[in-house]
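Values below: all heavy atoms of this structure, side chains included; hydrogens, waters and symmetry mates excluded. All chains are named by letter (A, B, ...) in the order of the sequence lines, taking the proteins before the strands, and each is independently numbered beginning at 1.
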Amino acid sequence: MTNQEIAEIFEKIANLLEIKGEVIYKTLAYRRAAESIRNLAEDINKLHQENKLSEIPGVGKAISEKIIEILTTGKLEFLEKLEKEVPPSLIEVLQVPDVGPKKAALFWREAGITNLMELERAANTGELRQLPGMGEKSEKRILDGIKMYQRRSDRMLLGQAWQVANTWLDWLRSVPGVLRAEAGGSLNRWKPTIGDLDFVVSSNNPLEVMETFVNHKEVNRILSHGENKSSIELQSRTQIQLWIQPPERFGSLWQYSTGSKEHNVHLREHAQRIGYSLSERGIQDAQGNEILCAVEADVYQTLGMPWIPPELREDRGEIQAALNRCLPILLDPKGLISDLHMHSTWSDGRSSIEEMALAAKQKGLNLICICDHSASLGIARGLNKERLAEQRLEIDRVQQNVGKSLQILQGVELEILADGKLDFPDELLQDLDLVVASLHTSLRQPRETITGRLLMAIRNPHVDIIGHPSGRLLPTREGADLDWDIILQAAADHGVALEINSDPSRLDLDEIHARRAAEMGILMCINSDAHSFDALPITRFGISVARRAWVNPELVINTWPNEKILAWLGNRQVMAESIHPES
DNA sequence: GCCGTTTTCGGCCCGACTGTTTTCAGTCG
């Protein structure tokens, strides 16, 4: 049973209890526990063995007993009983916009509705409007909501979301009356996947700006329209929300809209403890005096702490850290000066080595490494020994052309084969400047097998970096079922760097494991894995993973000067020569 | 059900918007 599966069980309990009408704080407790289990870096089975379940935030006596029951018996009597009381198919009804626990309970108890299909039928026949508190408009809203739910678009990937968002930000900034426009929500926190887009605007003419916003030419439907807040659905099905406050309240608004919800709840609890009340409009002290916050830092300062960077605002300890004045130092988005994994036309890239090098130089990088695929990845036209030798000549030629400000290394993205062997023999590997070893095939092997494959790569002294370690593909394909305790320990023991692959559909290591790796002092490497020259800037997304994972910049080898990287590689080379892998 | 710089009991975040109501409940972020 994985952390994810346990978290889902508690989420389900929370939903069912809410419909049942249990006191709200009990359901909140289950939801909070689910969220912190989802964010755990360590395997919950291990925490159980070590008797540390109650150290998980939000997990007390009752919930840890339930976790133990699930882990030891594979089921939970409490949930089974609950499912007999409240039909679990009602949870789907909760997914419909404007339907929450109270209405779901009303539909179920008063009209016998237990699933989405029955809800739709009741709305179509006009049965819903007969219920107390319901009317014609509510009925129509629910029908629309069901349609929206059924055609809902998947969460967008971060890269695509920023593209769309930048277009909207440009437009918003051109609207008369807009003094400032910024992205809020999960986008501003650089979360790997984004649901809706959130924007915040400062303006002294909110009505006028809102009017322009909801009449934008791409709007399909207006979901809500007020003075401070409006929400629209585009023809593309993307939903956008806009908040507006005057400039003197903009800091509070931006802080509020950036979230996360959990961060804000925790922050408000803290505010309350020290005698303040916090909202998107400002802060009130105990006497009811308003403290206006024009910038976000004012909000945090009033509450007795330094400004917390948005990427940290997930309620994963950042508020306590801020209060203790020990927020982590985060990687500067401009701090990457090398990129050690990119492709070229020599395998499946679309740009020549020269084009990649020129773009890298233009971007201000000091060092790049061309890592085309090794032979066995046939679909990517992987290189063999002979073509690698030819490629070395080409790299030397390009190096001459681009000059000394950019150093070009020759590496390889080495295939870890299904049986755990590496695609190239050691003699070939030792001639390369750098080796990135990656899994691309047979990712669904059982945990022991696939962990063993990766272990063999980590233990090979010629391997410097493990590329996109889990192999996940967002938003759909989960990563391999790795035993992370073993993998991370091996990486630490062998001084191998783990890649944070910047491709928006990978972002792998993910932030959970990157944070754990950082705590263990493991080296990491943020690479573009670019397949064309114009993809080099995507390292910004890899940087966001490192920031969200609290990674100390010193552990990120792309922040090192060339000499330090070359010395690190050199040391590994010496180690490799002194070790006989078979002995 | 959880939790403690006021607490081991008694609290537990805040405001905007909508629709159905004549003052508020429900939902959402």
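N188(A) and T258(A) form a side-chain donor-acceptor contact under 3.5 Å, judged by distance and modelled atom types alone. Between the side chains of N205(A) and S203(A), no donor-acceptor pair of N or O atoms lies under 3.5 Å. Side-chain contact annotation: N228(A) with R281(A), donor-acceptor N/O pair under 3.5 Å absent. Between the side chains of R38(A) and N3(A), no donor N or O sits under 3.5 Å from an acceptor N or O.
Here dA16(B) presents its P atom at 11 Å from CG of L253(A), a figure rounded to the nearest Å. Here the P atom of nucleotide dT5(B) and the CG atom of N324(A) are 11 Å apart, to the nearest Å. As a whole-Å value, the separation of Q241(A) CD from dC17(B) P is 12 Å. K229(A) has its NZ atom 16 Å from the P atom of dC14(B), to the nearest Å. Taking atom CG of L223(A) as the reference point, atom C1' of dG19(B) lies 16 Å away to the nearest angstrom. Between the P atom of dA25(B) and the CD atom of E18(A) lies a distance of 17 Å, rounded to the nearest Å. At whole-Å resolution of the value, NZ in K102(A) and C1' in dT18(B) are 16 Å apart. The interatomic distance linking H263(A) (NE2) with dG29(B) (P) rounds to 19 Å, in whole Å.
Among the atoms of the strands shown, base atoms are found under 4.0 Å from some heavy atom of K261(A). Here Y256(A) lies in heavy-atom contact (under 4.0 Å) with a base. At the heavy-atom level, E136(A) lies under 4.0 Å from the strands shown only through sugar-phosphate atoms. In this structure, L278(A) reaches the sugar-phosphate backbone alone: every heavy-atom distance under 4.0 Å involves primed, P, OP1 or OP2 atoms, never a base. Counting any heavy atom pair closer than 4.0 Å across all strands shown, K66(A) reaches sugar-phosphate atoms only and no base atom. Among the atoms of the strands shown, only primed sugar atoms or phosphate atoms (P, OP1, OP2) are found under 4.0 Å from some heavy atom of P97(A). At a threshold of 4.0 angstrom between heavy atoms, the contacts of H266(A) with the nucleic acid are absent. As judged by a 4.0 angstrom heavy-atom cut-off over every strand, S231(A) is placed among residues making no nucleic acid contact. At the heavy-atom level, R273(A) lies under 4.0 Å from base atoms of the strands shown.
Between A62(A) and G133(A), the residue anchored closer to the 5' end of DNA chain B is A62(A), taking for each the nucleotide with the nearest heavy atom. Each of G135(A) and P101(A) lies near DNA chain B, and the nucleotide nearest G135(A) is the one positioned closer to the 5' end.
Of the candidate nucleotides dC14(B), dT20(B), dG26(B), dG26(B) has the atom lying nearest to any side-chain atom of K103(A). Among dC14(B), dG26(B), dG29(B), the nucleotide with an atom closest to any side-chain atom of S277(A) is dC14(B).
Atom C1' of dC17(B) sits at a distance of 37 Å from the matching atom of dT7(B), rounded to the whole Å. Remark: the separation of the P atoms in dC12(B) and dT20(B) is 32 Å, to the nearest Å. Rounded to a whole angstrom, the distance from the P atom of dC13(B) to that of dG4(B) is 14 Å. Nucleotides dG1(B) and dT8(B), compared at atom C1', are 15 Å apart to the nearest Å. Taking atom C1' on both dG10(B) and dT6(B), the two are 12 Å apart, rounded to the nearest angstrom. Straight-line distance between the P atoms of dA16(B) and dT21(B): roughly 24 Å, to the nearest whole Å.
The 12-atom threshold is exceeded at CD of E519(A), counting heavy atoms of other residues, nucleotides or ligands nearer than 6.0 Å. Atom CD of E554(A) has 12 or fewer neighbouring heavy atoms from other residues, nucleotides or ligands inside a 6.0 Å radius.
For W254(A) and W243(A), the distance between ring centers is not under 6.0 angstrom.
Pair check for dA16(B) finds dT27(B); Watson-Crick or G-U wobble, both atom distances under 3.5 Å.
Taking 4.0 angstrom as the limit, S138(A) places none of its side-chain polar atoms (N or O) nearer than this to OP1 or OP2 of dG19(B). Side-chain N/O atoms of Q272(A) include one lying less than 4.0 angstrom from OP1 or OP2 on dC14(B). Regarding contacts with the backbone of dC2(B), every side-chain N or O of R32(A) stays at 4.0 angstrom or more from both OP1 and OP2. Contact check, Y25(A) against dG1(B): no side-chain N or O comes under 4.0 Å of OP1 or OP2.
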